[in-house]
Novice: 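Dumping the structure here so I can ask a few things about it.
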Amino acid sequence: MTTQELVAQIRKKKSFLCIGLDVDLDKIPAHLLKEEDPIFAFNKAIIDATQHLCVAYKPNTAFYEAYGLKGWKSLEKTIYYLNENYPEIFTIADAKRGDIGNTSTMYAKAFFEDLAFDSVTVAPYMGKDSVEPFLAFENKHTIMLALTSNEGAFDFQTKKVGNREFYKTVLETSKNWKNSTNLMYVVGATKATYFTEIRKIVPNSFLLVPGVGAQGGNLKDVCKYGLSENVGLLINSSRGIIYASNEVDFAEKAAEKAKELQQEMEAFL
Ligand SMILES: O=c1ccn([C@@H]2O[C@H](COP(=O)(O)O)[C@@H](O)[C@H]2O)c(=O)[nH]1
(Lines give C-alpha, C1' and ligand atoms only; values in the text may rest on other atoms or scores of the structure.)
Protein backbone atom coordinates (compact mmCIF):
# COMPACT_ATOMS: atom_id res chain seq x y z
CA MET A 1 0.00 0.00 0.00
CA THR A 2 1.25 3.50 -0.78
CA THR A 3 1.33 6.29 1.81
CA GLN A 4 -1.17 8.21 -0.34
CA GLU A 5 -3.61 5.30 -0.15
CA LEU A 6 -3.20 5.19 3.62
CA VAL A 7 -3.87 8.93 3.92
CA ALA A 8 -6.93 8.64 1.64
CA GLN A 9 -8.33 5.90 3.88
CA ILE A 10 -7.73 8.05 6.98
CA ARG A 11 -9.59 10.98 5.41
CA LYS A 12 -12.47 8.74 4.28
CA LYS A 13 -12.94 6.97 7.62
CA LYS A 14 -12.06 10.05 9.70
CA SER A 15 -9.85 7.79 11.76
CA PHE A 16 -6.17 7.09 12.26
CA LEU A 17 -6.82 4.26 14.68
CA CYS A 18 -4.76 1.09 14.62
CA ILE A 19 -6.13 -1.88 16.54
CA GLY A 20 -3.61 -4.22 18.10
CA LEU A 21 -4.44 -7.91 17.74
CA ASP A 22 -2.49 -9.18 20.76
CA VAL A 23 -4.43 -12.36 21.42
CA ASP A 24 -3.93 -14.10 24.74
CA LEU A 25 -5.88 -17.36 25.16
CA ASP A 26 -6.19 -16.64 28.89
CA LYS A 27 -8.09 -13.44 28.14
CA ILE A 28 -10.47 -14.27 25.30
CA PRO A 29 -14.09 -15.31 25.96
CA ALA A 30 -14.34 -18.91 27.16
CA HIS A 31 -16.89 -19.94 24.51
CA LEU A 32 -14.27 -19.34 21.76
CA LEU A 33 -11.95 -21.98 23.20
CA LYS A 34 -14.26 -24.63 21.69
CA GLU A 35 -13.46 -23.35 18.17
CA GLU A 36 -10.93 -25.19 16.02
CA ASP A 37 -8.78 -22.03 15.89
CA PRO A 38 -9.79 -19.80 18.82
CA ILE A 39 -7.23 -17.10 17.98
CA PHE A 40 -8.47 -16.70 14.43
CA ALA A 41 -12.13 -16.87 15.54
CA PHE A 42 -11.43 -14.04 18.00
CA ASN A 43 -9.55 -11.93 15.43
CA LYS A 44 -12.20 -12.42 12.73
CA ALA A 45 -14.98 -11.27 15.09
CA ILE A 46 -12.96 -8.23 16.23
CA ILE A 47 -12.01 -7.31 12.65
CA ASP A 48 -15.56 -7.64 11.27
CA ALA A 49 -16.93 -5.50 14.12
CA THR A 50 -14.29 -2.72 13.98
CA GLN A 51 -12.94 -2.48 10.41
CA HIS A 52 -15.05 0.62 9.58
CA LEU A 53 -13.60 2.49 12.59
CA CYS A 54 -9.88 1.91 12.08
CA VAL A 55 -7.35 2.11 9.26
CA ALA A 56 -4.83 -0.45 10.48
CA TYR A 57 -4.43 -3.68 12.44
CA LYS A 58 -1.25 -4.60 14.27
CA PRO A 59 -0.79 -8.18 15.40
CA ASN A 60 2.22 -8.38 17.67
CA THR A 61 3.91 -11.59 16.51
CA ALA A 62 4.92 -12.52 20.09
CA PHE A 63 1.29 -13.38 20.83
CA TYR A 64 1.31 -15.90 17.95
CA GLU A 65 4.85 -17.23 18.29
CA ALA A 66 4.04 -18.10 21.92
CA TYR A 67 1.64 -20.80 20.63
CA GLY A 68 4.17 -22.36 18.24
CA LEU A 69 3.11 -23.66 14.85
CA LYS A 70 -0.59 -23.26 15.68
CA GLY A 71 -0.06 -19.62 16.58
CA TRP A 72 1.84 -18.91 13.35
CA LYS A 73 -1.03 -20.56 11.42
CA SER A 74 -3.51 -18.25 13.19
CA LEU A 75 -1.37 -15.24 12.24
CA GLU A 76 -1.30 -16.41 8.62
CA LYS A 77 -5.08 -16.89 8.56
CA THR A 78 -5.59 -13.44 10.08
CA ILE A 79 -3.45 -11.60 7.51
CA TYR A 80 -5.00 -13.58 4.62
CA TYR A 81 -8.47 -12.76 5.95
CA LEU A 82 -7.62 -9.05 6.15
CA ASN A 83 -6.01 -8.90 2.71
CA GLU A 84 -8.87 -10.76 1.05
CA ASN A 85 -11.80 -9.03 2.76
CA TYR A 86 -10.50 -5.58 3.66
CA PRO A 87 -7.61 -4.85 1.26
CA GLU A 88 -7.78 -1.10 2.01
CA ILE A 89 -6.66 -1.73 5.61
CA PHE A 90 -2.99 -1.13 6.45
CA THR A 91 -1.39 -4.12 8.15
CA ILE A 92 1.52 -4.05 10.57
CA ALA A 93 3.52 -7.06 11.72
CA ASP A 94 4.86 -5.90 15.07
CA ALA A 95 7.89 -8.18 15.09
CA LYS A 96 10.75 -5.78 15.96
CA ARG A 97 13.24 -7.53 13.68
CA GLY A 98 16.67 -6.48 12.38
CA ASP A 99 19.93 -8.40 11.94
CA ILE A 100 22.93 -8.53 9.61
CA GLY A 101 21.96 -7.76 6.02
CA ASN A 102 21.31 -11.21 4.54
CA THR A 103 19.29 -12.23 7.61
CA SER A 104 17.24 -9.01 7.47
CA THR A 105 16.41 -9.77 3.84
CA MET A 106 14.94 -13.11 4.93
CA TYR A 107 12.92 -11.42 7.70
CA ALA A 108 11.63 -8.92 5.13
CA LYS A 109 10.64 -11.73 2.75
CA ALA A 110 8.82 -13.53 5.56
CA PHE A 111 6.63 -10.54 6.41
CA PHE A 112 6.34 -8.72 3.05
CA GLU A 113 6.23 -11.64 0.60
CA ASP A 114 5.10 -14.78 2.40
CA LEU A 115 2.64 -13.14 4.80
CA ALA A 116 2.03 -10.03 2.61
CA PHE A 117 1.95 -7.49 5.44
CA ASP A 118 2.15 -3.83 4.41
CA SER A 119 4.71 -3.11 7.10
CA VAL A 120 6.94 -4.55 9.78
CA THR A 121 8.51 -3.04 12.88
CA VAL A 122 12.31 -3.13 13.21
CA ALA A 123 14.86 -2.25 15.88
CA PRO A 124 17.55 0.29 14.85
CA TYR A 125 20.33 -0.92 17.13
CA MET A 126 22.28 -2.80 14.41
CA GLY A 127 22.24 0.21 12.10
CA LYS A 128 21.92 0.99 8.42
CA ASP A 129 22.81 -2.41 6.89
CA SER A 130 20.27 -4.12 9.15
CA VAL A 131 17.40 -1.86 8.10
CA GLU A 132 18.08 -1.10 4.41
CA PRO A 133 17.16 -4.67 3.30
CA PHE A 134 13.60 -3.98 4.54
CA LEU A 135 13.51 -0.59 2.79
CA ALA A 136 14.26 -2.20 -0.58
CA PHE A 137 10.67 -3.52 -0.88
CA GLU A 138 8.48 -1.24 -3.00
CA ASN A 139 5.22 -0.01 -1.42
CA LYS A 140 6.12 -1.72 1.84
CA HIS A 141 6.86 0.22 5.02
CA THR A 142 9.48 -0.31 7.68
CA ILE A 143 8.51 1.06 11.06
CA MET A 144 11.61 1.69 13.13
CA LEU A 145 11.64 2.06 16.92
CA ALA A 146 12.57 5.66 17.76
CA LEU A 147 11.24 6.52 21.22
CA THR A 148 9.34 3.66 22.78
CA SER A 149 6.44 3.80 25.22
CA ASN A 150 8.06 1.87 28.08
CA GLU A 151 10.04 3.14 31.07
CA GLY A 152 13.20 1.52 29.66
CA ALA A 153 13.15 4.10 26.84
CA PHE A 154 15.00 6.35 29.30
CA ASP A 155 17.85 3.80 29.67
CA PHE A 156 19.36 4.48 26.22
CA GLN A 157 17.02 6.33 23.87
CA THR A 158 16.94 9.67 25.69
CA LYS A 159 20.60 9.54 26.81
CA LYS A 160 22.92 12.03 25.18
CA VAL A 161 25.50 10.71 22.75
CA GLY A 162 27.76 13.71 22.12
CA ASN A 163 25.42 16.66 22.58
CA ARG A 164 22.27 15.02 21.27
CA GLU A 165 19.74 12.48 22.59
CA PHE A 166 20.23 9.07 21.01
CA TYR A 167 16.66 8.83 19.63
CA LYS A 168 17.25 12.08 17.73
CA THR A 169 20.41 10.65 16.18
CA VAL A 170 18.47 7.53 15.17
CA LEU A 171 15.81 9.66 13.45
CA GLU A 172 18.28 12.05 11.77
CA THR A 173 20.67 9.33 10.58
CA SER A 174 17.95 7.11 9.14
CA LYS A 175 16.77 9.91 6.84
CA ASN A 176 19.95 9.39 4.78
CA TRP A 177 19.47 5.66 4.24
CA LYS A 178 18.56 4.27 0.82
CA ASN A 179 14.77 4.29 0.21
CA SER A 180 14.22 6.16 3.48
CA THR A 181 10.83 7.32 2.18
CA ASN A 182 9.67 3.80 3.12
CA LEU A 183 10.42 4.52 6.78
CA MET A 184 7.91 5.19 9.53
CA TYR A 185 8.79 5.43 13.23
CA VAL A 186 7.47 4.11 16.55
CA VAL A 187 6.97 6.81 19.17
CA GLY A 188 5.14 5.97 22.40
CA ALA A 189 1.97 7.83 23.38
CA THR A 190 3.42 8.05 26.88
CA LYS A 191 6.09 10.39 25.45
CA ALA A 192 3.67 13.04 24.12
CA THR A 193 5.87 15.95 25.21
CA TYR A 194 8.64 14.74 22.88
CA PHE A 195 6.52 14.96 19.73
CA THR A 196 7.36 18.60 19.04
CA GLU A 197 11.08 17.82 18.90
CA ILE A 198 10.46 14.69 16.84
CA ARG A 199 8.38 16.62 14.30
CA LYS A 200 11.32 19.06 13.84
CA ILE A 201 13.39 16.11 12.56
CA VAL A 202 10.73 14.12 10.69
CA PRO A 203 7.96 16.62 9.90
CA ASN A 204 6.05 14.43 7.46
CA SER A 205 6.87 10.84 8.41
CA PHE A 206 4.16 8.54 9.69
CA LEU A 207 4.51 7.73 13.38
CA LEU A 208 3.06 4.54 14.85
CA VAL A 209 2.02 5.47 18.36
CA PRO A 210 1.38 2.66 20.87
CA GLY A 211 0.60 3.29 24.52
CA VAL A 212 -2.90 4.78 24.45
CA GLY A 213 -5.32 2.91 26.74
CA ALA A 214 -3.71 0.26 28.94
CA GLN A 215 -0.37 2.14 29.19
CA GLY A 216 -2.03 5.46 30.01
CA GLY A 217 -0.90 7.55 27.01
CA ASN A 218 -3.02 10.60 26.21
CA LEU A 219 -4.56 10.68 22.74
CA LYS A 220 -5.31 14.42 22.79
CA ASP A 221 -1.72 15.37 23.64
CA VAL A 222 -0.35 13.06 20.94
CA CYS A 223 -2.65 14.70 18.38
CA LYS A 224 -1.84 18.21 19.59
CA TYR A 225 1.91 17.77 19.17
CA GLY A 226 2.15 14.95 16.64
CA LEU A 227 -0.27 15.61 13.79
CA SER A 228 1.34 16.62 10.49
CA GLU A 229 0.00 17.99 7.20
CA ASN A 230 -0.80 14.48 5.94
CA VAL A 231 -2.04 13.41 9.41
CA GLY A 232 1.11 11.34 9.93
CA LEU A 233 -0.14 9.36 12.92
CA LEU A 234 -1.35 5.80 13.44
CA ILE A 235 -2.46 5.54 17.04
CA ASN A 236 -2.57 2.01 18.38
CA SER A 237 -4.63 0.53 21.15
CA SER A 238 -4.58 -3.23 21.78
CA ARG A 239 -5.83 -4.42 25.20
CA GLY A 240 -7.99 -1.32 25.70
CA ILE A 241 -10.10 -2.35 22.70
CA ILE A 242 -9.92 -6.10 22.22
CA TYR A 243 -10.49 -6.99 25.88
CA ALA A 244 -13.30 -4.52 26.54
CA SER A 245 -15.41 -7.59 27.43
CA ASN A 246 -14.70 -11.31 27.74
CA GLU A 247 -18.35 -12.30 27.35
CA VAL A 248 -20.26 -13.18 24.18
CA ASP A 249 -20.61 -9.43 23.44
CA PHE A 250 -16.79 -8.99 23.19
CA ALA A 251 -16.76 -7.82 19.56
CA GLU A 252 -19.60 -5.36 20.11
CA LYS A 253 -17.87 -3.91 23.19
CA ALA A 254 -14.57 -3.69 21.27
CA ALA A 255 -16.38 -1.71 18.56
CA GLU A 256 -17.76 0.67 21.21
CA LYS A 257 -14.23 1.34 22.52
CA ALA A 258 -12.90 1.77 18.97
CA LYS A 259 -15.75 4.19 18.21
CA GLU A 260 -14.83 6.33 21.25
CA LEU A 261 -11.25 6.68 20.00
CA GLN A 262 -12.37 7.25 16.39
CA GLN A 263 -14.64 10.10 17.51
CA GLU A 264 -11.81 11.72 19.47
CA MET A 265 -9.66 11.47 16.33
CA GLU A 266 -12.37 12.85 14.04
CA ALA A 267 -12.36 16.06 16.07
CA PHE A 268 -8.72 16.61 15.03
CA LEU A 269 -9.22 16.01 11.29
O1 LIG B 1 7.13 1.36 22.22
C2 LIG B 1 6.36 0.42 22.03
C3 LIG B 1 6.45 -0.42 20.94
C4 LIG B 1 5.52 -1.40 20.78
N5 LIG B 1 4.52 -1.58 21.65
C6 LIG B 1 3.52 -2.65 21.38
O7 LIG B 1 2.25 -2.03 21.11
C8 LIG B 1 1.21 -2.76 21.73
C9 LIG B 1 0.57 -1.94 22.82
O10 LIG B 1 -0.46 -2.68 23.45
P11 LIG B 1 -1.48 -2.07 24.53
O12 LIG B 1 -2.24 -3.26 24.98
O13 LIG B 1 -2.34 -1.06 23.83
O14 LIG B 1 -0.67 -1.46 25.62
C15 LIG B 1 1.86 -4.06 22.20
O16 LIG B 1 1.83 -4.99 21.15
C17 LIG B 1 3.28 -3.64 22.50
O18 LIG B 1 4.18 -4.72 22.44
C19 LIG B 1 4.42 -0.77 22.74
O20 LIG B 1 3.51 -0.88 23.58
N21 LIG B 1 5.34 0.23 22.90
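Whatever order the structure lists them in is the order used to number ligands and atoms, beginning at 1. None of these values were measured; they are calculated from a predicted model.
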Novice: I want to confirm something. Looking only at heavy atoms, which of Asp22, Asp94, Thr148 is nearest to atom 16 (O) of ligand 1?
Specialist: Asp22
Novice: What protein heavy atom sits nearest atom 21 (N) of ligand 1, and how far away is it?
Specialist: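 The answer is Ser149 OG, 2.6 Å.
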Novice: Among Pro210, Gly188, Cys18, whose heavy atom sits nearest atom 2 (C) of ligand 1?
Specialist: Pro210
Novice: Is it the case that the ring center of Phe40 lies less than 6.0 angstrom away from the ring center of Tyr81?
Specialist: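 Tyr81 vs Phe40: aromatic centres under 6.0 Å.
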Novice: What is the closest protein heavy atom to atom 9 (C) of ligand 1, and at what distance does it sit?
Specialist: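 The protein heavy atom lying closest is Gln215 NE2, 3.6 Å.
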Novice: When the ring planes of Phe90 and His141 are compared, do they come out parallel, tilted or perpendicular, using 30° and 60° as the limits?
Specialist: perpendicular
Novice: Is Lys257 positioned over the aromatic face of Tyr243, cation under 6.0 angstrom from the ring centre and no more than 45 degrees off axis?
Specialist: no
Novice: Can you pull out the closest protein heavy atom to atom 10 (O) of ligand 1? Residue, atom name and distance to 0.1 Å, please.
Specialist: Ser238 OG, 3.2 Å
Novice: Can you tell me how the ring of Phe112 sits relative to the ring of Phe134, calling it parallel under 30°, perpendicular over 60° and tilted otherwise?
Specialist: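 Perpendicular: the ring planes of Phe112 and Phe134 meet at over 60°.
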Novice: With clusters built from Ile, Leu, Val, Met, Phe, Trp and Tyr whose side-chain heavy atoms come within less than 4.5 Å, directly or transitively, what are the remaining members of the cluster of Met106, listed by chain and number?
Specialist: none
Novice: Give the atoms of ligand 1, by number and element, whose distance to some non-hydrogen atom of Lys58 is under 4.0 Å.
Specialist: 6 (C), 7 (O), 8 (C), 15 (C), 16 (O)
Novice: Does Gln51 have any side chain to side chain donor-acceptor pair (under 3.5 Å) partners at least two apart in sequence or in another chain, and if so, which?
Specialist: none
Novice: Starting from atom 12 (O) of ligand 1, what is the nearest protein heavy atom, named by residue and atom, and what distance separates them?
Specialist: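 Atom 12 (O) of ligand 1 sits closest to the protein heavy atom Arg239 NE, 2.6 Å.
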Novice: Where is the nearest protein heavy atom to atom 18 (O) of ligand 1: which residue, which atom, and how far?
Specialist: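 For atom 18 (O) of ligand 1, the nearest protein heavy atom comes out as Asn60 ND2, 3.0 Å.
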Novice: Starting at CG of Asn246, measure out to CG of Leu32 and round the result to the nearest 0.5 Å.
Specialist: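 Those atoms lie 10.0 Å apart.
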Novice: For atom 4 (C) of ligand 1, what is the closest protein heavy atom, and at what distance to 0.1 Å?
Specialist: Lys96 NZ, 3.5 Å
Novice: Would you kindly specify which portion of Asn236 sits under 4.0 Å from ligand 1, judged on non-hydrogen atoms: side chain, backbone, both or neither?
Specialist: side chain
Novice: Any salt bridge between Asp155 and Lys159, counting N to O under 4.0 Å?
Specialist: no
Novice: Please state which part of Asn150 comes within less than 4.0 Å of ligand 1, counting heavy atoms only: side chain, backbone, both or neither.
Specialist: neither
